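Below is one structure, written out as structure tokens; comments come after it.
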Protein chains: 2
Amino acid sequence: MAAKKKSEEIIPTIKDIPNLYNILSEEERSYLLDNHTTLAYKKNDIIYRESDKPTGLLCLGSGKVKIFKEGVGRREQIVRMASAPDFIGYRALFAEDLHIAAAEVIEPCTIFHIPRTVIYKLMQTNPALSMTFMKSMAKELGFARYRTVTLTQKHIRGRLAESLCVLKEVYGYEEDGQTLSVYLSREDLANFSNMTTSNAIRTLTTFVNEKVLAVNGRVIKILDEDTLEKISRLG
Amino acid sequence: MAAKKKSEEIIPTIKDIPNLYNILSEEERSYLLDNHTTLAYKKNDIIYRESDKPTGLLCLGSGKVKIFKEGVGRREQIVRMASAPDFIGYRALFAEDLHIAAAEVIEPCTIFHIPRTVIYKLMQTNPALSMTFMKSMAKELGFARYRTVTLTQKHIRGRLAESLCVLKEVYGYEEDGQTLSVYLSREDLANFSNMTTSNAIRTLTTFVNEKVLAVNGRVIKILDEDTLEKISRLG
DNA sequence: GTAAAACAGTGTTATATAACACAAATTTAA
DNA sequence: TTAAATTTGTGTTATATAACACTGTTTTAC
């Protein structure tokens, strides 16, 4: 959080995407290194919007991103929280569709852009690369299925508890082993959990009263992970 | 529907899965023909269950299948309705996961089973095959995202209207150009639309009163497709 | 450094939909 | 071919959660 820390941060390179770089041959690696661009985004930047056409593969080298769809009456539904190293926006690329969700920066990002033709060429010669994307997408589809059920069937407490558990999985804790390593508005928390902002606030308060969480502004500490998971499971 | 018709039906072969067969070389085709099995399932058969381990790729050659997850308090959520020729159960295969949903036969099926090693071997030599599965899965993920939003945000009328539109897309009409070519219980309709059976029945009745549908038992005619789509869109 | 905007928090009310309970009709099985 | 089970249909009640309306507090921008 300290401003000083930021200036010391080392900028990642595409070599830091192991799922991508590690499986390439020497020749493929140099082809990739010569044929990608590195982009820097700051907080609140939009990386792509709903109905944009994908131009290539995006790899999140550092930073945090939320992926969301606009629903009924502008109400937004966050469908995924991405962390580095992750692929983003590749569903639309491989489906040969337009984007069906938007991506917005939550914490400053380094993103590698690999043009469609480049990544397709690599996939032609390297079957393992296709398998990587396939596996990644299959995991996401599994998660999407799981969430469809829980967001429609669990009660408010269960939905919020589950979202917090997911955030813990994706971003982990700070050094203290308790503080969630994301800094989200109540509204984002609500949009990730399919509820109104008021209800997210209220439910957060009950979790604090029950000593499951400690909350200080947007800083959330998970005091009792087991109970949180239990609340999530029982809906 | 006539019993006689059934006995005349020709049994499909794996050549009838164009997304798979058409993109293979002669050599690959004969390898595939020698290394798959054809299975027949009847109504209400379970093809696989939640937490089963996938053993290979399943291709639906004929028939109709529902894919569902069990949610809170045994309540089932239908996440997909499959029609021939479709791949089924391949998400778990490629994610190297257990199945996270179950598949049940709605109308008698012919299914081709291609062992994991066989399909992986083909994917090693044929990059286009990987792309086929990738595209298929990307489309499904898009659909899943879309549904998450509508099932959580649309009202009951919009959800049921949307489900009927989806069924029309997937299974189409009978020869009369109006009758939905699936025969589902009210409960299945409800489980596909995230509502109780009573509410599915009631809402169906209001659609009949509004002359959008005509219903005779489980036979549903869509009288006014435009209005149905409008109801679906407006939520 | 101040004004404006966005966000957090809380109480109250309204409402969509689940839950329940039962009757009638249809299908299944013995 | 009769009984049992399942499915369909309808009315009533209960309740979870959205919607609304404010106030106080941060953050942002000029």
Side-chain angles (χ1 to χ4, degrees), chain A residues 1 3 42-45 66 71-77 104-107 149-163 182-209 213-220 231 234-235, chain B residues 1 3 42-44 71-77 104 106 149-163 182-209 213-220 231 234-235:
Chain A
M1 285 293 125
K42 44 191 204 317
K43 197 170 144 79
N44 299 329
D45 280 354
K66 69 170 174 182
V72 178
R74 336 225 59 174
R75 185 171 152 206
E76 81 178 40
Q77 172 71 50
E104 185 178 325
V105 174
I106 295 216
E107 254 178 53
V149 174
T150 65
L151 291 180
T152 56
Q153 296 192 3
K154 284 184 185 173
H155 285 180
I156 253 191
R157 282 167 59 83
R159 299 207 298 271
L160 185 62
E162 182 180 299
S163 292
V182 239
Y183 197 72
L184 290 178
S185 68
R186 302 292 191 260
E187 193 181 0
D188 279 340
L189 232 34
N191 291 341
F192 191 43
S193 312
N194 182 37
M195 64 186 64
T196 55
T197 307
S198 315
N199 279 328
I201 292 169
R202 261 187 266 268
T203 309
L204 228 34
T205 305
T206 69
F207 287 164
V208 170
N209 291 338
L213 301 179
V215 171
N216 185 355
R218 295 192 180 181
V219 178
I220 297 174
I231 297 170
L234 301 181
Chain B
M1 285 291 127
K42 45 192 204 316
K43 195 169 145 84
N44 298 329
V72 179
R74 335 225 61 172
R75 185 170 152 205
E76 81 178 39
Q77 172 72 48
E104 185 179 327
I106 293 213
V149 174
T150 66
L151 290 181
T152 56
Q153 297 193 2
K154 284 184 185 174
H155 285 182
I156 254 192
R157 282 167 60 82
R159 300 207 298 272
L160 184 63
E162 183 179 299
S163 292
V182 240
Y183 198 73
L184 291 177
S185 68
R186 302 291 191 261
E187 193 181 3
D188 279 339
L189 232 34
N191 291 341
F192 191 43
S193 312
N194 182 36
M195 64 185 65
T196 56
T197 307
S198 317
N199 278 329
I201 292 168
R202 262 187 264 268
T203 310
L204 229 34
T205 305
T206 69
F207 287 165
V208 171
N209 291 338
L213 301 179
V215 171
N216 185 356
R218 294 190 181 181
V219 178
I220 296 174
I231 296 169
L234 301 180

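Worth saying up front: this structure is predicted, and the values here are computed from it rather than measured. Every chain is numbered from 1, with letters handed out A, B, ... down the list of sequences.
Here B:Arg218 lies in heavy-atom contact (under 4.0 Å) with sugar-phosphate atoms only. When heavy atoms are screened at a 4.0 angstrom cut-off, B:Asn194 is found touching the sugar-phosphate backbone but no base atom. No engagement by A:Thr197 is indicated, since no non-hydrogen atom pair under 4.0 Å with the nucleic acid exists.
The side chain of B:Thr196 places no N or O atom within less than 4.0 Å of a non-bridging phosphate oxygen (OP1 or OP2) of C:dT17. Of the side-chain N and O atoms in A:Arg159, one or more sit less than 4.0 angstrom from OP1 or OP2 of D:dT17.
Whole-Å rounding puts the B:Glu187 CD to D:dT6 P distance at 11 Å. Taking atom CE on A:Met195 and atom C1' on D:dA16, their separation rounds to 12 Å, with Å as the unit. Computed from coordinates, the A:Leu189 CG to C:dG9 C1' distance equals 15 Å when rounded to whole Å. Rounded to an integer number of Å, the gap from B:Ile201 CD1 to D:dG11 C1' is 13 Å.
Nearest nucleotide to the side chain of B:Thr205, out of D:dT8, D:dA19, D:dT10: D:dT10. When distances are taken from the side chain of B:Asn199 to each of C:dT17, D:dA18, C:dG9, the shortest belongs to C:dT17. Side-chain atoms of B:Arg186 lie closest to D:dT8 of the nucleotides C:dA19, D:dA19, D:dT8. The A:Ile156 side chain lies nearest to D:dT17 when the options are D:dT17, C:dA16, C:dA8.
Side-chain atoms of A:Thr150 and A:Glu162 include a donor-acceptor pair closer than 3.5 Å. In this model, no donor atom of one side chain and acceptor atom of the other lie less than 3.5 Å apart for B:Thr206 and B:Asn209.
In this structure, the side chain of B:Arg159 engages the main chain of B:Asn194 through a donor-acceptor pair within 3.5 Å.
A salt bridge does not link A:Lys66 to A:Glu107: none of the charged side-chain nitrogens sits closer than 4.0 Å to a carboxylate oxygen.
Residue B:Lys154 is the one, among B:Lys154 and B:Lys43, whose nearest nucleotide of DNA chain C lies closer to the 5' end (criterion: closest heavy atom).
Between atom CD1 of residue A:Ile156 and atom OG1 of residue A:Thr203 there is a gap of 5.0 Å, rounded to the nearest 0.5 Å.
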